[in-house]
Amino acid sequence: MLEELKEANNYIVGKIEEKDSLILEMEAFALEHNVPIVTKEVAKYLEFLVSSYNFKNILEIGTAIGYSGTIMGRIAKKNNGKLTTIEIDETRYNEALENFKKANLLDSVNLILGDGIEEVKKIDAKFDFVFIDASKGHYMEFFNDSFERLTDDGMIFIDNIMFRGYLYKEYPKRFKTIVRRLDEFITYLYENHNFVLLPFGDGIGLVKKN
Ligand code: SAH
Ligand code: MG
């Protein structure tokens, strides 16, 4: 992004004023405890998409404290649908459970404690929206397992696909495998799917089945 645009973007994102107290509480918690929740503009876009398409049956891989899950779960509930969301870390899982309780979403959320790689394979259901936001080294696998369970008019939303720009610029050595896999994943998506990459937040990938 152009430097000028980056500054303009920061200015504009500053206009997003959140009023919901639970969402505000989760944002403050995430900031304090370094939980990598979606950025505000990504949260807005996620809400915009899910509500515009009226998605009902939503799968999320990577719940963390249930921030994006609350945003999507509220819309799924309104549409008489359900959010299934998977988190590998027990502490985060418990925090998410508390937050879904506070959001009065326990009847519309199926929160799973486990590894997305195994848990998605166990699911015998179709989803019209999948939000992939977990370990980036496994995105290809999350994607393929999700795509198999995607309805014909469904959409997959992949967060952090640009991984802080490391696909392009120099990166810490420990990220070598993740960077290579993400790079191959993006090439694969362009070649094989109806895919767009939106370079805001940490990079968003969108795949539409039909
Ligand atoms: N979607 C959340 C943020 C998720 S952060 C939001 O925007 O509010 C990524 C989360 O994925 C972390 O909590 C991490 O513990 C979890 N995670 C990492 N690898 C995972 C895996 N293989 N399966 C399930 N969850 C995983
Ligand atoms: Mg993310």
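A quick note: this is a predicted structure, and the numbers were derived from the prediction, not measured.
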Measuring from atom [atom1] of [X] to atom [atom2] of [Y], what distance do you get when rounded to the nearest 0.5 angstrom?
{"X": "K121", "Y": "E141", "atom1": "NZ", "atom2": "CD", "value": "3.5 Å"}
{"X": "E41", "Y": "K44", "atom1": "CD", "atom2": "NZ", "value": "12.0 Å"}
{"X": "E27", "Y": "I65", "atom1": "CD", "atom2": "CD1", "value": "9.0 Å"}
{"X": "T187", "Y": "N192", "atom1": "OG1", "atom2": "CG", "value": "10.0 Å"}
{"X": "D183", "Y": "L167", "atom1": "CG", "atom2": "CG", "value": "5.0 Å"}
{"X": "I61", "Y": "D145", "atom1": "CD1", "atom2": "CG", "value": "7.5 Å"}

Donor-acceptor contact below 3.5 Å, side chain [X] vs main chain [Y]:
{"X": "K169", "Y": "R164", "result": "yes"}
{"X": "S108", "Y": "K82", "result": "no"}
{"X": "K77", "Y": "N104", "result": "yes"}
{"X": "R149", "Y": "I123", "result": "yes"}
{"X": "D89", "Y": "T91", "result": "yes"}
{"X": "H33", "Y": "F29", "result": "yes"}

Quick check: is I186 connected to F131 through a chain of hydrophobic side chains (ILVMFWY, heavy atoms under 4.5 Å apart)? no
Do the side chains of F55 and V196 join up, straight or via other hydrophobic residues, at under 4.5 Å, putting them in one cluster? yes
Taking all atoms of both residues into account, what is the closest heavy-atom pair of [X] and [Y], and its distance?
{"X": "F195", "Y": "G205", "answer": "CE1-CA, 3.6 Å"}
{"X": "L59", "Y": "S146", "answer": "CD2-OG, 4.3 Å"}
{"X": "G69", "Y": "L83", "answer": "O-CD2, 3.3 Å"}
{"X": "I178", "Y": "G137", "answer": "CG2-N, 4.1 Å"}
{"X": "E87", "Y": "A64", "answer": "OE1-N, 2.8 Å"}
{"X": "Y139", "Y": "S135", "answer": "CD1-O, 3.5 Å"}

Going through the distances and angles, do F142 and I117 end up as a side-chain contact (heavy atoms from CB on, under 4.5 Å)? CA-CA 6 Å; F142 292 147; I117 295 180; 3.6 Å; yes
Is any side-chain heavy atom of [X] closer than 4.5 Å to a side-chain heavy atom of [Y]?
{"X": "D115", "Y": "H138", "answer": "no"}
{"X": "I37", "Y": "M26", "answer": "no"}
{"X": "Y45", "Y": "L206", "answer": "yes"}
{"X": "V13", "Y": "F200", "answer": "no"}
{"X": "K126", "Y": "N57", "answer": "no"}
{"X": "F129", "Y": "I75", "answer": "no"}
{"X": "Y166", "Y": "P172", "answer": "yes"}
{"X": "Y188", "Y": "N144", "answer": "yes"}

Solution key, residues 152-163 side-chain donor-acceptor pairs under 3.5 Å, sequence neighbours excluded:
unit_1	atom_1	unit_2	atom_2	d
D153	OD1	T151	OG1	3.1
N160	ND2	D202	OD2	2.8

Salt-bridge criterion met for R180 and E184 (N-O under 4.0 Å): yes
Close aromatic pair by centroid cut-off 6.0 Å: F147 and F143: yes
Crowded around Y53 OH? As in, over 12 foreign heavy atoms under 6.0 Å? no
Steps toward side-chain contact (heavy atoms from CB on, under 4.5 Å) verdict (K56, D128): CA-CA 7 Å; K56 282 182 69 158; D128 48 19; 3.9 Å; yes
Begin with the C-alpha distance, continue with both residues' side-chain angles, and end with the deciding distance and a verdict on side-chain contact (heavy atoms from CB on, under 4.5 Å) for Y67 and V38. CA-CA 8 Å; Y67 176 75; V38 286; 3.7 Å; yes
Could you walk me through whether T70 and F100 pass side-chain contact (heavy atoms from CB on, under 4.5 Å), step by step? CA-CA 7 Å; T70 296; F100 289 136; 3.8 Å; yes
